[in-house]
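Because the structure is predicted, anything quoted here is derived from the model rather than measured.
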Amino acid sequence: MIHILSSDTPFPPLEHALAKPNGLLAAGGDLSPERLLSAYRRGIFPWFNDGEPILWWSPDPRMVLFPHELRISRSLHQTLKKKHYEIRTDHAFSSVIRACAAPRRKQDGTWIHNEMIAAYSALHHQGIAHSVETWIGGELAGGLYGVAIGQMFFGESMFSRVTDASKIALVHLVKQLANWNFGLIDCQMKTAHLASMGAREIPRSSFVQRLNERISEPGRNGRWHFDYTYSEN
């Protein structure tokens, strides 16, 4: 049974999430910064189509990427070595989230609609949601955005207009987060793309345990500035 939330109803325990569809926990509520932060701190995220009620999820198992397990393919390594790109952070958040929302091949619609864009833009203005951007030739070529709480990063979406542009952004994000002692990146759902770069599934109980440890650590709110430079090592 799905729990129905009003504006002030707390989330139910994660154990109430459905097995089919995997992780569906509740419906309703709102996308205020307070509600979103409450969700992320509990291992819950929103995912719903435009015109639907807000749906809240906590799948089991959970797809995650440990920074030290990042895999860089030989071809991506060669691309990174060219250094023909520039990494910017929080420079064009609105452009990144709207690019992530753009229609894609073999995809009828998008879950990143105006309501979601407004919600994550509000978190960005609070210094909690961040974008990592790959710029090539002065143009935004790809990137990603997500939410940071304590020493946890919750990845939301990524896009590419140039081959490997989103992967370049992801590599720089993961390496910088490792330098900042972030211990875990939440990838939410399993995809072949993320698995190829080292992400893997872990039980929800393990995810929540690690989440609780990491969100209590000092975070990095405000606009991000990376000091990581890719090397051949």
Open item on the list: Would you compute the distance between atom OG1 of Thr89 and atom CG of Leu173 and round it to the nearest 0.5 angstrom?
Closed with: 10.0 Å
TODO: Quick one: list whatever passes side chain to side chain donor-acceptor pair (under 3.5 Å) with Asn179, sequence neighbours left out.
DONE: none
Task: Intermediate values then yes/no, side chain to side chain contact (heavy atoms under 4.5 Å, CB included), Phe66 and Arg210 - done: CA-CA 11 Å; Phe66 294 92; Arg210 294 173 185 275; 3.6 Å; yes
- [ ] Among residues two or more places apart or on two chains, list those pairs meeting side-chain hydrogen bond (donor to acceptor under 3.5 Å, both in side chains) that have a residue in residues 135-150.
- [x] Glu133-Trp135
Open item on the list: Nearest 0.5 angstrom please: Lys175 NZ to Asp227 CG, how far?
Closed with: 14.0 Å
Open item on the list: On a heavy-atom basis, which atom in Leu25 and which in Ala17 lie closest, and how many Å separate them?
Closed with: CD1-N, 3.6 Å
TODO: For residues 54-72, pull every pair meeting side-chain hydrogen bond (donor to acceptor under 3.5 Å, both in side chains), keeping only residues two or more places apart or in separate chains.
DONE: Arg62-Asp186, Glu69-Arg200
TODO: Run the numbers on Thr134 and Ile87 for side chain to side chain contact (heavy atoms under 4.5 Å, CB included), then give the verdict.
DONE: CA-CA 5 Å; Thr134 302; Ile87 294 295; 3.7 Å; yes
TODO: State the CD1-CD1 distance between Ile168 and Ile136, to the nearest 0.5 angstrom.
DONE: 5.5 Å
Open item on the list: Quick one: does any side-chain atom of His113 pair with a main-chain N or O of Phe48 as donor and acceptor, under 3.5 Å?
Closed with: yes
Open item on the list: Counting C-beta onward and ignoring hydrogens, is there a side-chain heavy-atom pair between Leu211 and Phe154 closer than 4.5 Å?
Closed with: yes
Open item on the list: Given 3.5 Å as the limit, does a donor-acceptor pair link the side chain of Ser131 with the main chain of Val96, or not?
Closed with: no
Open item on the list: Restricting to non-hydrogen atoms, name the atom on Ser157 and the atom on Cys100 that form the minimum distance, rounded to 0.1 Å.
Closed with: OG-CB, 3.5 Å
Task: Met158 side chain near His193 side chain, heavy-atom distance below 4.5 Å - done: yes
TODO: Could you tell me which residues satisfy side chain to side chain contact (heavy atoms under 4.5 Å, CB included) with Ser75, sequence neighbours excluded, listed by chain and number?
DONE: Ser73
- [ ] For the pair Asp90 (side chain) and Trp224 (backbone), establish whether a donor and an acceptor sit closer than 3.5 Å, ignoring hydrogens and angles.
- [x] yes
TODO: Applying salt bridge (Lys or Arg N to Asp or Glu O under 4.0 Å), name anything that partners Glu213, two or more places apart in sequence or on another chain.
DONE: none
- [ ] Using the test salt bridge (Lys or Arg N to Asp or Glu O under 4.0 Å), find all partners of Arg35 that sit at least two apart in sequence or belong to another chain.
- [x] none
Using atom types as modelled, flag every donor-acceptor pair under 3.5 Å from a side chain in residues 115-126 to any protein atom, sequence neighbours excluded.
residue	atom	partner	partner atom	Å
Tyr120	OH	Tyr40	OH	2.6
Ser121	OG	Ile117	O	2.7
His124	ND1	Ala129	O	3.0

Open item on the list: Rounded at 0.5 Å granularity, tell me how far CG in Leu24 sits from CD1 in Ile2.
Closed with: 4.0 Å
TODO: Could you please spell out the steps behind the side chain to side chain contact (heavy atoms under 4.5 Å, CB included) verdict for Gln151 and Trp180?
DONE: CA-CA 8 Å; Gln151 292 180 357; Trp180 286 343; over 6 Å; no
TODO: For the pair Leu140 and His91, evaluate side chain to side chain contact (heavy atoms under 4.5 Å, CB included) and give the outcome as yes or no after the intermediate values.
DONE: CA-CA 10 Å; Leu140 179 61; His91 178 80; over 6 Å; no
- [ ] Report yes or no: do Leu31 and Ile4 belong to one cluster of Ile/Leu/Val/Met/Phe/Trp/Tyr joined by side chain heavy-atom distances under 4.5 Å?
- [x] no
- [ ] Evaluate the side-chain proximity of Leu14 to Arg204: yes if any heavy-atom separation is below 4.5 Å, no if none is.
- [x] yes
Task: By side chain to side chain donor-acceptor pair (under 3.5 Å) - contacts of Ser206 (at least two apart) - done: none
Task: Residues in ring-ring contact (aromatic ring centres under 6.0 Å, His included) contact with Phe182, at least two apart in sequence or another chain - done: none
Task: All pairs passing side-chain hydrogen bond (donor to acceptor under 3.5 Å, both in side chains) where residues 3-22 contributes a residue, at least two apart - done: His3-His16, Ser6-Asp8, Ser6-Thr9
Open item on the list: I need the minimum non-hydrogen distance between Glu201 and Lys190, along with the two atoms involved.
Closed with: OE2-CB, 3.6 Å
Open item on the list: So Gln188 and Phe45, do their side chains get closer than 4.5 Å, heavy atoms only?
Closed with: yes
Task: Minimum heavy-atom distance between Ala141 and Ala165, given as atom pair plus value - done: O-CB, 3.3 Å
Open item on the list: Using 0.5 Å steps for rounding, measure from the OG1 atom of Thr163 to the CG atom of Leu76.
Closed with: 11.5 Å
- [ ] Can you establish whether the number of heavy atoms outside Trp47 located under 6.0 Å from its atom CH2 is more than 12?
- [x] no
Open item on the list: Tell me every residue that passes side chain to side chain donor-acceptor pair (under 3.5 Å) with Thr79, counting only those two or more places apart in sequence or in another chain.
Closed with: none
Task: Gln176 (side chain) donor-acceptor with Tyr228 (main chain) under 3.5 angstrom - done: yes
Task: side chain to side chain donor-acceptor pair (under 3.5 Å), paired with Tyr230, selected from Lys81, Lys83, His77 - done: His77
Task: Euclidean distance, Leu55 CG relative to Asn49 CG, rounded to 0.5 Å - done: 8.5 Å
Task: Side-chain heavy-atom pair Glu156, Leu144 within 4.5 angstrom cut-off - done: no
TODO: For Ser38, enumerate each residue passing the side chain to side chain donor-acceptor pair (under 3.5 Å) test, keeping only those at least two apart in sequence or located in another chain.
DONE: Arg42
- [ ] Check whether any side-chain heavy atom of Phe11 sits under 4.5 Å from a side-chain heavy atom of Leu5, and report yes or no.
- [x] yes
Open item on the list: Do Asn212 and Phe207 have side chains that approach each other closer than 4.5 Å (heavy atoms only, starting at C-beta)?
Closed with: no
- [ ] Compare every heavy atom of Pro67 with every heavy atom of Ala178, then report the nearest pair and how far apart it is.
- [x] CB-CB, 4.0 Å
Open item on the list: For Ile185, run the side-chain contact (heavy atoms from CB on, under 4.5 Å) check against Leu177, Val64, Leu70 and tell me which one passes.
Closed with: Leu177
Open item on the list: What I'd like to find out is whether the side chain of Phe153 reaches to under 4.5 Å of the side chain of Leu184, using heavy atoms alone.
Closed with: no
